[in-house]
Amino acid sequence: MIKVGIIGVGTVGASVANILKDNADVISARAGVDIIAKSGVVKNLSKDRGVDIILSDNVDDVLNDAEIDVVVELMGGVDEPFEVVKRALESGKAVVTANKALLAYHRYELQDIAKDIAFEFEASVAGGIPIINALRDGLSANHIESIMGIMNGTCNYMMTKMTNEGVSYDAILKEAQELGYAEADPTFDVGGYDAAHKLLILASIAYGIDAKPEDILIEGIDNVRSEDIAFAKEFGYAIKLLGIAKKDANEVELRVHACLIKQEEMIAKIDGVMNAISVVGDKVGETLYYGPGAGGDATASAVVANIIDIARSGKSTPMLGFDRPMEGSQLTLKPTANIESKYYLRVNVSDKAGVLARITKIFETHNISIETMLQRPSENSSANLLISTHTATESDIQAMIDELEALDFVNARPVMIRIV
Ligand code: HSE
């Protein structure tokens with residue numbers, strides 16, 4: 001029998017305990033052994049968790065319990081879970097975590113600490129979608145050319161509702177929080193950080209890239225407004241927050257930002273809280289993974305799958321799927337300034353003679369070519385210029401935005417969305 005201790009019995013932790021009980025028949029058949037949730041740790045013991053396990057408010061009750069074989073870490077945060085996971089691994093207990101922030105910062109250290117002890121993290125990326133398993137095992141014969149996906153359900157839910165129902169940004173964020181999709185601090189969702197944590201985990205498995213959130217381009221959906229959605233619809237685009245990893249010769253670009261993406265693309269059709277990730281391998285071609293990226297049972301489904309794997313094999317090494325440099329260790333992170341894209345810009349200007357000529361001149365001086373342009377009247381004698389460009393570099397577009405912002409007839413910093 002395998003005994004499990006759950007540190008952090010919130011929505012996901014309670015689902016883990018309940019799935020182990022409800023689906024004990026299939027779980028023991030697949031694992032070849034019975035698996036039970038023995039105990040859990042919570043901060044507040046007076047709250048009912050709807051679980052049938054021993055609860056304590058002291059992590060030592062799980063970490064020092066010799067009967068516990070697998071520790072499930074669902075605490076959230078970075079520093080405290082790092083210490084807990086480290087202690088569990090050092091005492092020889094297998095660990096399963098759903099904690100993407102922990103892995104975004106400490107995955108390589110944890111791989112070193114874990115060595116032969118099983119340390120699994122399927123639920124850390126895209127909740128119930130077995131994307132880690134697909135990338136680390138199913139596609140292990142391939143060089144990975146790109147990973148592109150909707151990795152944050154909250155942002156996708158918000159973008160879908162704003163597009164299809166015209167709901168305001170603030171109202172829909174509140175709804176996503178009430179539905180339990182959003183992180184405890186929703187700026188992690190709308191600022192792109194949650195998706196970035198997930199992208200960094202996938203990029204490690206695919207490329208062996210050791211980057212931290214601070215090293216990569218991260219933007220959120222917080223600037224997207226109804227004018228941008230109207231432009232997107234008019235030109236046949238959807239707006240999505242995407243995480244993108246792309247190999248270009250010996251460099252890998254990693255970025256998270258809102259994207260205008262053609263409505264015909266599969267990923268543009270993914271609506272609501274669902275996640276979807278496209279992975280292109282050099283041998284397999286494009287593969288697409290779709291499913292619930294958040295929610296108690298969906299996330300716990302991935303946690304329990306990891307526990308079953310551990311019960312089957314007793315160990316899983318190496319944690320990130322490789323133990324020597326991949327691709328001759330030639331791959332490096334592409335500097336953000338060199339990333340190329342097409343861009344959409346919304347520039348709010350005073351609506352007077354000569355403004356358009358001055359604006360287009362600035363595009364020319366930065367060597368940025370305009371593809372489409374619309375002008376829409378706005379409040380107080382101003383107008384929104386909605387402009388899409390041909391391919392340019394991040395450094396050129398950012399320099400141009402800085403110059404545009406400084407003009408006296410430009411009323412606010414121009415809003416930019418990349419076109420994929
Ligand atoms: N806040 C996350 C999301 C939950 O909205 O996708 C799953 O990581």
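Computed from heavy atoms alone, side chains included, the values below leave out hydrogens, waters and symmetry copies. Residue numbers start at 1 and run along the sequence shown. Counting convention: from 1, in listed order, for ligands and their atoms alike.
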(request) Assess whether side chain to side chain donor-acceptor pair (under 3.5 Å) is satisfied between E214 and Y105, documenting all intermediate values. (result) CA-CA 10 Å; E214 297 73 34; Y105 284 97; 2.7 Å; yes
(message) Any salt bridge linking R30 with D309? Criterion: basic side-chain nitrogen under 4.0 Å from a carboxylate oxygen.
(response)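 Answer for the salt bridge query: no.
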(request) Answer whether the closest heavy-atom distance between the side chains of E340 and E253 falls below 4.5 Å. (result)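 No, side chains not in contact.
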(message) Is the shortest side-chain heavy-atom distance between P186 and L173 below 4.5 Å?
(response)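 With C-beta onward as the side chain, the pair touches.
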(request) Below 4.0 angstrom from a heavy atom of G153, which ligand 1 atoms are there? Numbered from 1 as shown, please. (result)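 In order of number, 3 (C), 5 (O), 6 (O).
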(request) Run the numbers for me: atoms of ligand 1, each under 4.0 Å from some heavy atom of A294, listed by number. (result)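 Near A294, meaning under 4.0 Å from one of its heavy atoms, ligand 1 has 4 (C), 7 (C).
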(message) Using a 4.0 Å heavy-atom cut-off, which part of D189 comes near ligand 1: side chain, backbone, both, or neither?
(response)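 Side chain only; the backbone of D189 stays clear of ligand 1.
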(request) Using a 4.0 Å heavy-atom threshold (strictly under), name the region of D194 that reaches ligand 1: side chain, backbone, both or neither. (result)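 The side chain, only.
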(message) Please check: side-chain N/O of D69 versus main-chain N/O of K3, any donor-acceptor pairing under 3.5 Å?
(response)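 A pair under 3.5 Å: yes.
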(request) Report yes or no: does S204 contribute a side-chain atom to a donor-acceptor pair with the main-chain N or O of I209 at less than 3.5 Å? (result)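 It does hold such a pair.
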(request) Starting from atom 8 (O) of ligand 1, find the nearest protein heavy-atom neighbour and note its residue, name and distance. (result)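 Of the protein heavy atoms, K100 NZ, 2.6 Å lies nearest.
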(request) Return the residue, atom name and 0.1 Å-rounded distance of the protein heavy atom closest to atom 5 (O) of ligand 1. (result)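 Answer for atom 5 (O) of ligand 1: T154 OG1, 2.7 Å.
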(message) So is G293 touching ligand 1 or not, going by heavy atoms under 4.0 Å?
(response)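 Right, G293 reaches ligand 1.
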(request) Compare E183, M158, M151 and give the one whose heavy atom is closest to atom 4 (C) of ligand 1. (result)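 Selected option, by shortest heavy-atom distance: E183.
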